[in-house]
Amino acid sequence: MKGSITLDTVPSNTFALITSINADGPTRRRLLDLGLVPGTRVEVLQRSPMGDPVAYNIRGAVIALRKEESSQVQTSR
Amino acid sequence: MGLTYQSTGITSRENFNITCISNEPVIALAGNPNTGKSTLFNALTGLRQHTGNWPGKTVLQSKGTYIYNTRKYLVVDLPGTYSLLANSVEEEVARDFICFAKPEVTIVVVDSTCMERNLNMVLQVMEITSNVIVCLNLIDEARRKKIQIDTEKLSRTLGIPVIPTAARNKEGIEELMNTTNKLISGQIKPRPNLVKYDKKLEDAILHLESKIKPLLGDELSTRWIALRLLDRDTKLISALEDFYDKHKILEMSKEVMA
Ligand SMILES: Nc1nc2c(ncn2[C@@H]2O[C@H](COP(=O)(O)OP(=O)(O)OP(=O)(O)O)[C@@H](O)[C@H]2O)c(=O)[nH]1
Ligand SMILES: [Mg+2]
């Protein structure tokens with residue numbers, strides 16, 4: 001464990017382990033539905049030109065997340 | 001035939017661009033994006049398809065028919081979604097169709113090479129309806145990747161039929177049609193094993209269901225509505241108002257949200 005950071009700050013082409021979701025209600029549910037369940041290993045793919053959104057490989061599907069979503073996901077590396 | 005299609009509820013399928021002049025059973029194809037729903041749709045219907053728009057929505061919808069054992073079936077290809085919680089137009093379209101158009105069978109098309117992520121949708125559909133079949137598509141890809149799936153066990157665990165297919169090679173299509181037919185004629189009766197929540201939540205569900213039942217009867221899964229109300233899903237309430245007696249729904253949500 002190299003400290004805990006939120007998913008939006010994990011560099012491209014690296015992996016992160018989801019540890020928790022810092023959100024409630026529909027946002028939390030949506031992130032879980034996308035496969036961001038604690039214990040999941042996520043690969044950070046490329047960033048769009050403006051740096052937002054960012055593409056992630058989550059459980060076998062490529063999914064783009066905006067910063068306001070990815071910043072609510074706690075990870076460890 | 002055991003089912004009468006006209007009696008499936010006060011909701012008119014006309015809302016969904018489906019004219020039920022004949023008694024064609026309606027089959028919905030749901031599932032995550034890119035799992036082969038449209039490929040399966042084409043394998044089932046051949047060229048008998050029409051692409052149209054949902055009224056008021058910008059999501060394309062394909063409808064088509066096929067004939068199996070002298071009976072005609074109407075197939076609807078729903079947009080790919082990871083969830084049915086109506087976070088996007090696609091999710092709303094898929095949710096409304098499964099919930100309010102009440103297809104005789106909903107086939108959830110699953111990518112056999114990443115089942116874990118796909119089964120979330122299956123569990124959500126099971127909460128809405130028990131007339132569900134899991135279609136384990138891309139089974140050829142799974143074989144190539146040496147992924148072995150115990151379909152019998154999966155079927156027993158979920159309590160619903162599970163059929164492996166490779167839609168692109170038309171593998172398993174006949175069995176899928178056969179199972180769909182059996183489900184509609186009542187030869188197969190799925191008994192979905194639903195997710196059990198903790199005691200506190202289950203108590204709350206039970207309490208809400210007792211209030212919802214007198215208002216909606218057996219129209220919709222009261223368990224699912226109760227869960228959505230506990231989630232404070234205001235979009236579902238407005239959808240209910242669109243499809244059902246507005247007054248009744250207002251009354252219900254007032255009472256329940258109190
Ligand atoms: N190997 C293999 N490929 C398949 C199979 N079924 C579909 N495909 C391929 O998977 C890709 C996606 O198929 P679609 O039918 O477009 O998937 P979809 O679920 O309709 O996708 P969305 O509508 O975007 O959600 C296409 O390239 C298909 O040719 C299959 O059984 N085996
Ligand atoms: Mg499609």
Side-chain angles (χ1 to χ4, degrees), chain A residues 6-8 10 12-77, chain B residues 30-37 79-92 94-95 108-125 127-128 136-138 141-142 144-145 147 149 195 197 201 224 227-238 257:
Chain A
T6 51
L7 187 57
D8 58 311
V10 179
S12 298
N13 306 310
T14 63
F15 289 87
L17 187 73
I18 310 300
T19 52
S20 64
I21 307 285
N22 309 327
D24 285 327
T27 313
R28 178 185 181 81
R29 187 60 205 254
R30 185 179 125 75
L31 292 169
L32 291 172
D33 279 335
L34 291 176
L36 293 166
V37 180
T40 305
R41 220 164 86 97
V42 169
E43 184 182 5
V44 185
L45 305 171
Q46 74 269 39
R47 270 153 222 282
S48 57
M50 305 297 284
D52 190 32
V54 177
Y56 300 90
N57 184 341
I58 307 170
R59 292 173 179 258
V62 175
I63 292 172
L65 293 180
R66 301 208 157 277
K67 197 181 171 73
E68 65 220 50
E69 296 164 319
S70 53
S71 62
Q72 311 204 51
V73 180
Q74 204 69 42
T75 71
S76 70
R77 299 178 55 207
Chain B
N32 283 14
N34 215 31
T35 55
K37 293 175 295 301
T81 58
Y82 292 113
S83 157
L84 287 177
L85 296 178
N87 290 310
S88 62
V89 177
E90 286 80 8
E91 290 183 12
E92 202 178 328
R95 196 256 339 250
V108 186
V109 184
V110 162
D111 179 346
S112 305
T113 68
C114 46
M115 294 221 319
E116 203 183 24
R117 90 148 17 266
N118 279 251
L119 289 177
N120 181 39
M121 259 287 280
V122 175
L123 293 175
Q124 287 191 16
V125 175
E127 277 182 345
I128 302 180
L136 285 182
N137 195 38
L138 294 131
E141 276 297 307
R144 208 173 55 77
K145 292 187 178 168
I147 299 170
I149 301 168
V195 176
Y197 302 95
L201 195 48
W224 186 72
L227 279 165
R228 296 285 69 79
L229 290 173
L230 286 166
D231 252 359
R232 310 230 160 223
D233 184 340
T234 46
K235 277 195 208 141
L236 178 72
I237 296 168
S238 44
M257 296 295 211

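Naming: A, B, ... by sequence-line order, numbering from 1 per chain.
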Smallest separation among heavy atoms of I63(A) and R117(B), with atom names
CD1-NH2, 3.6 Å

Non-neighbouring partners of D8(A) that pass side chain to side chain donor-acceptor pair (under 3.5 Å), sequence neighbours left out:
T6(A), K67(A)

Close approach to chain B in residues 45-60 of chain A, criterion heavy atom under 4.5 Å:
I58(A), R59(A), G60(A)

What pairs with D231(B) under side chain to side chain donor-acceptor pair (under 3.5 Å), at least two apart in sequence or on another chain?
R228(B)

Y197(B): side chain to side chain contact (heavy atoms under 4.5 Å, CB included) partners, not counting sequence neighbours:
E127(B), V195(B), L201(B), E202(B), I205(B), R223(B), L227(B)

Q124(B) versus chain A, the contacting section by heavy-atom distance below 4.5 Å
side chain

In Å and rounded to the nearest 0.5 Å, what is the CG to OH distance from L34(A) to Y82(B)?
7.5 Å

Does any part of the side chain of V37(A), heavy atoms only, come nearer than 4.5 Å to the side chain of E116(B), both counted from C-beta?
no

